[in-house]
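Notes for the one structure printed next.
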Amino acid sequence: MSTALNNVQAYRASLLHFHADPAFHGEAHAWHEDGLLVVEDGRIKAAGDHAALASTLPAGVTPLDYRGQVITPGFIDTHLHYPQTDMIASPAPGLLPWLETYTFPTERRFDDPAHARATAEFFLDELLRCGTTTAIVYCTVHPQSVDAFFEASEARNLRMVAGKVLMDRHCPDFLRDVQGGVGSSADLIAKWHKRGRQLYAITPRFAPTSTDAQLRATAELAQAWPDTFIQTHVSENKDECKWVGELHPQARSYLDVYERFGLMRPRALFGHCIWLDDEDFARMAATGSAAAVCPTSNLFLGSGLFDFEKADGARTLLSLGTDVGAGTSFSMLQTMNEAYKVARLKGSYLPAVRMFYLATLGAARAMGLEGTIGSFAPGAEADFIVLDPKSTPLLARRTAHCDSLEELLFALALLGDDRAVKATYSAGRQVHARA
């Protein structure tokens with residue numbers, strides 16, 4: 001059992017973290033097969049070889065022994081909807097009918113604070129069970145849905161980002177903001193943004209459900225709070241793109257609608273990005289905006305295949321999202337599994353080491369939070385997970401014959417799920433342990 005002294009804890013295992021994008025740098029990761037992670041006051045103090053660091057531990061501190069396991073920074077999910085938890089795996093022929101039949105009726109229930117709180121509690125526990133320590137989350141139009149989420153996150157001392165959805169047209173009356181308004185978003189920002197580890201995301205659902213007046217008000221709010229996040233959807237499927245073209249005929253593209261209203265900037269994350277062209281990806285890179293790629297959702301709804309090669313050609317910031325409930329799993333390992341297949345179907349190849357980067361440091365960079373989360377850099381918040389390569393009989397049999405780090409990570413990504421997460425830590429405190 002681990003002992004702690006002066007708020008120092010240590011963990012012995014294989015360690016993996018990143019300092020660059022493997023797509024563009026040959027030596028992008030650090031791998032310590034017999035490693036030691038040292039945490040002090042909820043932050044990373046050191047990460048390296050056990051042989052080099054063991055003698056630096058304060059007298060009386062004994063590392064918790066996770067040998068045979070892999071410790072990585074906690075996974076970061078950059079696009080998902082907590083109110084849709086109860087409608088995951090709902091059948092529909094496409095995005096728009098899926099919204100009308102399942103999404104909007106489900107979100108209506110979040111005017112009830114008790115329902116919102118119960119869902120947020122389950123949702124966060126499920127994320128932690130799957131090894132996700134940070135997420136960028138859509139609430140509903142109801143302010144109480146935001147309060148419920150942040151209250152549950154704050155109680156667990158998690159680094160979470162969330163915001164109230166904005167919609168003032170093309171939606172049911174029971175989910176509609178006052179036309180042109182941003183509702184209580186300013187009050188919610190003042191209440192929750194940077195309160196402890198909570199951060200706020202200004203959240204227009206997508207261009208079709210916001211009038212020009214609401215998009216202008218959203219941009220003004222973002223200018224008033226420049227260190228908040230912006231999250232929305234773009235170019236998810238062809239029917240949606242066609243609809244946006246009819247609503248905004250003056251715009252060059254769907255993405256251009258957001259740029260015209262000043263909504264592209266660092267800390268702006270756009271979900272899906274399937275039908276973007278080269279100029280769109282170039283504009284994302286130039287503005288510091290980021291794409292949240294949601295492969296399980298895109299396959300489930302038949303929306304299309306994200307083009308990793310085109311995005312990388314523009315050096316667009318990329319990250320991964322589960323998108324629940326259009327997505328089919330809370331697990332970032334299962335999301336990697338589908339991302340790999342999407343890349344193959346588009347004619348490119350996504351190595352496992354790149355997928356783990358996208359789910360950790362890559363996501364932190366997309367969020368403008370490098371140095372805070374996503375790596376074992378000294379001073380970073382100690383959010384990390386313990387992955388068990390022998391968590392299932394099949395994984396144990398496959399990983400017994402791995403000859404490289406890439407093979408090991410590939411097996412975890414293609415065969416792993418929540419069962420592979422042995423433990424989850426947030427700010428140095430264990431918040432999940434698999435029985």
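Between Phe123 and Phe330, the ring center distance clears the sub-6.0 Å criterion. Ring centroid separation for the pair Phe110 and Tyr82 comes in under the 6.0 Å cut-off. Note: Phe410 and Tyr340 meet the aromatic proximity criterion, with ring centroids under 6.0 Å apart.
A distance of 4.5 Å separates CG in Leu158 from OG in Ser153, rounded to the nearest 0.5 Å.
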Validation: residues 421-435 side-chain donor-acceptor distances under 3.5 Å, sequence neighbours left out:
unit_1	atom_1	unit_2	atom_2	d
Thr424	OG1	Leu128	O	2.7
Tyr425	OH	Tyr66	OH	2.8
Tyr425	OH	Gln430	NE2	3.1
Ser426	OG	Asn157	O	3.0
Ser426	OG	Arg197	NH1	3.0
Arg429	NH2	Arg156	O	3.2
Arg434	NH1	Arg419	O	3.3

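Listed by chain and number, the residues in a side chain to side chain donor-acceptor pair (under 3.5 Å) with Thr72 amount to none (sequence neighbours excluded). In this structure Ala364 satisfies the side chain to side chain contact (heavy atoms under 4.5 Å, CB included) test together with Ile76, Ile373, sequence neighbours excluded.
In this structure, Arg195 is not positioned above the aromatic face of Phe150 in the sense of NZ or CZ being under 6.0 Å from the six-membered ring centre and within 45° of the axis.
The side-chain heavy atoms of Asp323 and His272, taken from C-beta on, include a pair separated by under 4.5 Å. The shortest side-chain heavy-atom distance between Arg252 and Asp280 falls under the 4.5 Å cut-off. By the 4.5 Å heavy-atom criterion applied to side chains, Arg260 and Gln250 are counted as neighbours.
Residue pairs meeting the salt bridge (charged side-chain N to carboxylate O under 4.0 Å, His left out) criterion with at least one member in residues 183-193, sequence neighbours excluded, are Asp147-Lys191. The list of salt bridge (charged side-chain N to carboxylate O under 4.0 Å, His left out) pairs with a residue in residues 223-240, not counting sequence neighbours, reads Lys194-Asp227. Applying the salt bridge (charged side-chain N to carboxylate O under 4.0 Å, His left out) rule to pairs touching residues 351-368 yields Asp21-Arg354, Asp312-Arg354, Arg365-Glu370, sequence neighbours excluded.
Side chain to side chain, Ser348 and Glu309 fail the donor-acceptor criterion of an N or O pair below 3.5 Å. One side chain, Thr322 or Asp77, offers a donor N or O that lies under 3.5 Å from an acceptor on the other.
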- Task: Determine, step by step, whether His79 and His233 satisfy the side chain to side chain donor-acceptor pair (under 3.5 Å) criterion, reporting the C-alpha distance in whole Å, the side-chain angles of both residues, the deciding distance to 0.1 Å, and the verdict.
- Result: CA-CA 9 Å; His79 184 102; His233 302 75; 3.3 Å; yes
- Item | Derivation and outcome, salt bridge (Lys or Arg N to Asp or Glu O under 4.0 Å), residues Glu279 and Arg283 | CA-CA 6 Å; Glu279 186 170 342; Arg283 293 308 305 150; over 6 Å; no
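Under the 30°/60° scheme for interplanar angles, the aromatic rings of Tyr138 and His81 are found to lie parallel.
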